[in-house]
Amino acid sequence: MNTPKNRNRRPEWLAGIFLTVALAAPAALQAEPVVKDGDLPMPLIERFENFGAKDGIPTHKVHAVYKTRDGHLWIGTWDGLCVREADGKFKRYGPEDGLSHKMVLCITEDPTTGDLWVATMRGLNKFSGGKFTQYTQTNSGLPNNVVYGCDVLDDMVVVATAAGAGILNLKTGQWRIFDHTNSLMHEPWCYAVKGAKDLIYWGIWGAGVLEYDFKKNTWKEYRDPDRDFHYDLVPDDGLINDITSWLSWEDGILWQNTYFGFTRYDGKKFKTWVQDQSPLLSNFTQIVWPHRRVAWIGMDKGVSVTDGEVWVNYEVGTDGEGIRTIHRPGAQPEKTVMNTALANRFVLGIYVDDEEAWFATSDGLSRGVYANPNPYKRLPGIAAAP
Amino acid sequence: MKTLFGLLLGLGLPAAATAAGYGYVEKPEPPPVEPDDTCVSVPSDAAVTAGVYPYYANTPEEMLPFRGVEPVYRYWTTRLPFLGPGRDYPPPTDLKSLKVGLLSPASYGPEGERGQRTRKGVLLAFEEANAARQAGELPFEIFEREDAPQWGSAANIAVEFKDHDVLAFLGTIDGDATHVALRVALKIETYMINTSDPDPTLTETQIPWLTRIWPDDRQQCFRLADLIVRKHGCTRIAIFRESSRPGRVGVMHFANYIRRLGHPPIQHLFFKPGDQNIGPQIAALQAAEPDAILFYGQPGDVGRFARQFRQAGIKAKFFGFDRLQEDAFRENAGDAAEGTIITYFWDPNRPDPKWVEFKEKYRKRWGETPDAYAAYGYDGAKLLIEAINHAGPNRFLIRDYLAGLDEWDGVTGHMVFDGRWDNIVPISIAELKGGQWHFQPAPPITKLDHQKLTQR
Amino acid sequence: MKSRGFIITSLASVVAAGGLGVGGYYWSVAHVQRWTGMDHLGFVNCNHCHLVRVEKLPWAKERPRHPAPAGLAVSPDGRRLYIALDDVNEVAEADTATLQVNRRIKLAGGPYGLLAHPQDGRLFVTLRHADAVVELEPGRLTEVARIPVGKGPVCLAYTRTEAGERLIVANSLSDDASLLSLSPLAEIARPHTGREPFATAMSADGSVAFVVGRIAETKDFVTPAASELTLIRAATGRVLKRVPLESAHLAEGLATVASRGWALTPLVKVRNLIPITQVANGWVMSSGLGITLADGQTVQVPLDEANDYFADPSGIAVDPAGRYAYVVSGGSDAVSVVDLERLSDWLSKACELTRREAVDDLSLSAEYVVARLRTGRNPRAVTLSPDGRRLFVGERLADRVLVVDTATREPVGHVVLGDGGAWDPIRRGESVFTKAAHTFQSQFSCRSCHPDGHVDGLAYDFDGDGIGDNLLDNRSLHGLASTAPFKWIGSNPSVEVQCGPRFARVLMRTDPIPPDDLKDLATYLQSLPPTGWERRRDLALTPTQERGRQLFFATTRPDGTPIPRERQCQTCHRPPLFTARIPTAVGTRGPRDATELFDTPHLLGIGYSAPYLHDGRAKTLEELWTTYQTNDLHGVSSYWSKHQLNDLIEYLKTL
């Protein structure tokens, strides 16, 4: 469980860490293990455990990570779908096992049947009871083979593809597909999808966020009021940008990723963040996993965690060390150097629950170990687990 | 009662006509005609000039949106770095060739012939490169695919490129196809050089895996806006464009630019590709009495409509984009084409040695004269070859080389890349006189601030 | 004078008649050519395109109904036997002591599967045609609750889990299973299963539900097909495992053996990739028993003997002690008694290779099949009394339930439900259809490949050259009335010819079916309606389906370009049968095919009869116009958007 860099030069890395800590301490940095997290609305990660080739992960790049209700950890990689087995090693499933394409982009679970739905660069897959079933644009109603996102909502599997959105009714087998010809969709290039009780949110590349009420068959559009990509004129006036790179929803809050910043929408008000003007590490945000109204945001510079007020950022230092920074409103940032860091700062996928946080990165998989087990249980005012 | 009726009629009819988009009339004072037609941005706002790269694609300051307001954030004044790993990945050991993808439009579709010309330019460049390979050097191999105009096939093709381990790919013309391929390029981390998609929004996705060497419709739009309003003093400008995504995004900025210059379009009318009967649109134009009409569409369609406009007595001056330079416009328009002014990239008859040499090589190889599609295809391929030669078979180092370019010289001329990796070289113009296009010299090339570039 | 006038009149009449005849002939040829867009046609008459009315077809007419036993269940106290009579929409209750029918209640919707609650005796019935499960009060058999489930529910099983009582229902037409809670009666989950799930069972500890599909699924041309045994967590509906039953289909029964942790599945071992010439060597189809062990490993063992086959095994029951399993063979009118202890002994000694090859060793059955009990015609369902002393076997085509004393293995009598319907040619034809005696050594029946007259989803190598590379898709027999010619190359003008002497020589490898039986068989086949016809016929089209209909009947592209007549869907697939019955070339000729002309299949029930095309290459309807469409020959589809293709598919599913 080492960072990529220290695989080859552990002694130097360790020396570097100690040296950095030693040098940095006088410079008003707080050293571990001083953790003042009692008032934070989110758990603090005290260390990272990293996984890579030595653990059976077939390639550097991990796009997605998902823990199913039976406790299995699944990752979608550049080269196959993997599950972590009892011995801690990852077992790979590839096209030879029935997966439609080796590049897995998104994983979700049907909470009822436990079926795993796997979005790939060439089709959607159901992995159920050890068997893959492929859905492609040539053998089914799937709009396009490049499936960026998928989710399960009641009896529906919803997908976001390169050429439209789709809903597969699991009871009837019927597909309903949407693009610019039959919906409010300004462009058909869908990048993300999330079910939200009676609604489905699609993140559209160039058309913001679409909200679909599938019971009423009505659409609602959320757009960047600027309608121009070169600037953000006014903060908090709507989506930060129309090019949605990912989105998620939980407990009434919609979170939008873009490569231009980050947006939160609680049903009444929008809040936007951009780098340099907020604690958001980078405008290039790629993934968000909301958990108990806290957003875990993955981007090209690491991970930002926020409830909208307090921020905790996890970066990777130049020598591979971890850097954790807590931003409280009206207070100076509290920076801590950690002995361990994310496997890579380029974070593509996140899974978070009460026990742990997992990060899919461009160079391996990371597990974030909380400083305090069951952190949410001692915090008043945090939403109950769904 | 009669008075009330008359009042309602008097107010209601114009309102209804305006709501319907027909014939609303604006008669502002004409602007002073400026003799300078260079249309080069000379920004005075410190905020606009604060970044490393020109803000808003080098659009002249008077055409910028909200130019009196400081936005919360400006994008693309610096370039987004790619912070992912990969540069130190060991080179593949089993390579038999250096594969490069080429995504072309469907040969049977509306962009088919242009795509074929691009393809010829690309093939020529790779043939030359392979002929120049030294012993022991791997040859280049082009992995070609044609897009289908539906079902998002360009995305699937881009995945196929990855399946075949191309080092980078070139393509294409159609904005839809290029967009979906670009999104895949981000996921497969494989660089894309676009040589002919004019869609202004293509490079505005913040994906650091694309360079476009084709000056886009935005560049043409502010050149046209400047030309129509400031040089020719037109105030009643109508837009007549194809009802399609390329049509919509093609003129989008033009409409904004002339509005910011004080003369919003008095008509914005559509046609479908292949339309024969445009009687309603002609009637609407006659009612609006425009003094300039900007066309956007396939040159054959536009030529046919230009003829019909003249036959209907519409005397407005005709303006258009680069595609009207193709023969189909003149052939269909006949005499009606006379006096049409278009934006174009360069003078195809210019004596520039590189250009002359390329024309000769192309003519010798393919038996025809190259146009912009062929030339930019050739340049795109040359640029990619240069990147691969420099970086080796590593997609990330190839990316770094291409994404790090600020300027580059090709047979098409000097290129200047902005913060979006878009070629913002100034656009020239051409006027049809006596049945021939007369090209004007391009405005001076925007110089990047090398001091800032050095400080990056 | 008169005679001359007569002669002139006669000559004129002859000339006129001849002229009309010749003119009519040329007009009709021109007419057909014009409307088909095809120049080279074989024999065509008016009836190919006209004069066909669905309501006049045999399958659309009312036919005699018979009290054929479907599902069986015994009350917890063992005193009452319940019998589902799907054909007459009734449930019967019989006294197990007197074997008399106490009552028969009406229950519309095709009551098929039965289950008696093990404690309070409440009766649960699946309604195969109404897509529901009803709960009947055990005393008077009155309905107390009803819940919709998936399509075509045929079987159900009960268990008690830590989360409450559960029923698992096999939904044969929607390829899924409904997991129901009992308090209240509600659907918890509907996981997908294998194709056409037909039997269910629960594990001994009640935690796992088993569902088996009776139709095998194929991956590609060269991979043997496999049916699926689906393991589902009974409490939640979570799918635990999908066990492939390799080269097996028609798995219609399922039982678990508590003492051994086994799930037993009677199956037809099908080797469709082997040339049909191998029927004479016994290599194409045999009967077996799948034993799925606790670890998920499945071993298949034969039920047949070397020269005596027991075709179409379906129902299975295991006694409470787990000692004997009783497997009914619907094609051979027999019950095979399997000694599970002896089977277990054999298993414990068999090495991996022996286990893998066991099902091909027909001498092996002597190790564990300890008896064969004769039954009346077409036994399908079987159950045991709670104490295991009485075996009840539903003789479906005899309208009876055979009762056997399991200690003596002797019949003790019948519960008589009807007269067997020997007076009804359709019934007689069904008997021919299900009888294995018409094939070499009784290896299989018509039903072995056409369960209930439908498809088994497989392509068979019917080529006589024995090289095994010319597969022909098995076609549904549903809705075949008036759709002659038959055979994929359209060379057989009638059902009688299709199933006649040549068929006997090529496939059955024995004497042809006697003429009277053949006539009855044809009558039966023509009485089969298209799959799911009743449930679709009165439904209005949804907007999606309507758009698909318009596409199907399109004569021009959206831009006004005419679609050539011969490439319009409706030309070849002309309503109401959606076939003009003219062999057509649609660009599907394979490298081994001798012709490019193939019979135009009717489309009634097309949504249920995958795979498609003459060799079954298209696994889904979509693939017809994506993977396997060549140059717009099979309809003009190149201009379709994905929306349009999806719309068309939804319309086709309504036919």
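We name chains A, B, ... by the order of the sequence lines, and we start the count at 1 in each one. Computed from heavy atoms alone, side chains included, the values below leave out hydrogens, waters and symmetry copies. Only a predicted model underlies this, so the values are computations on that prediction, with no experimental measurement involved.
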When you look at Thr77(A) and Asp79(A), which way does the side-chain hydrogen bond (donor to acceptor under 3.5 Å, both in side chains) test go after all the steps? CA-CA 5 Å; Thr77(A) 79; Asp79(A) 187 19; 5.9 Å; no
Regarding [X] and [Y], is there a side-chain donor-to-acceptor distance under 3.5 Å anywhere?
X: Glu187(C); Y: Ser178(C); answer: yes
X: Ser638(C); Y: Asp632(C); answer: yes
X: His643(C); Y: Asp179(A); answer: yes

Based on non-hydrogen pairs under 4.5 Å, which of [options] is most in contact with chain C?
options: Gln174(A), Arg69(A), Gln137(A); result: Gln174(A)
options: Thr113(A), Thr112(A), Asn144(A), Asp155(A); result: Thr113(A)
options: Gly130(A), Ala163(A), Ser140(A), Pro143(A); result: Ser140(A)

May I ask you to name which of Glu228(C), Arg233(C), Arg190(C), Glu217(C) has the most heavy-atom pairs under 4.5 Å with chain A? Arg190(C)
Interchain contact, [X] with chain C, by part (heavy-atom threshold 4.5 Å):
X: Thr133(A); value: neither
X: Leu142(A); value: backbone
X: Asn139(A); value: both
X: Asp70(A); value: both

Under 4.5 Å heavy-atom distance to chain A, tell me which part of [X] shows up: side chain, backbone, both or neither.
X: Leu240(C); value: backbone
X: Lys653(C); value: side chain
X: Thr544(C); value: side chain
X: Glu650(C); value: side chain
X: Ile188(C); value: backbone

Report the distance from atom CG of Leu81(A) to atom CD1 of Ile75(A), rounding to the nearest 0.5 Å. 8.5 Å
Looking only at atom types and distance, does a side-chain atom of Asn125(A) sit under 3.5 Å from a main-chain N or O of Gln134(A), one as donor and one as acceptor? no
In terms of relative ring orientation, are Trp249(A) and Tyr201(A) parallel, tilted or perpendicular, with 30° and 60° separating the classes? parallel
Between Glu356(A) and Lys67(A), is there a side-chain N and carboxylate O pair less than 4.0 Å apart? yes
Over-ring placement of Arg214(C) relative to Phe198(C), 6.0 Å and 45° cut-offs: yes
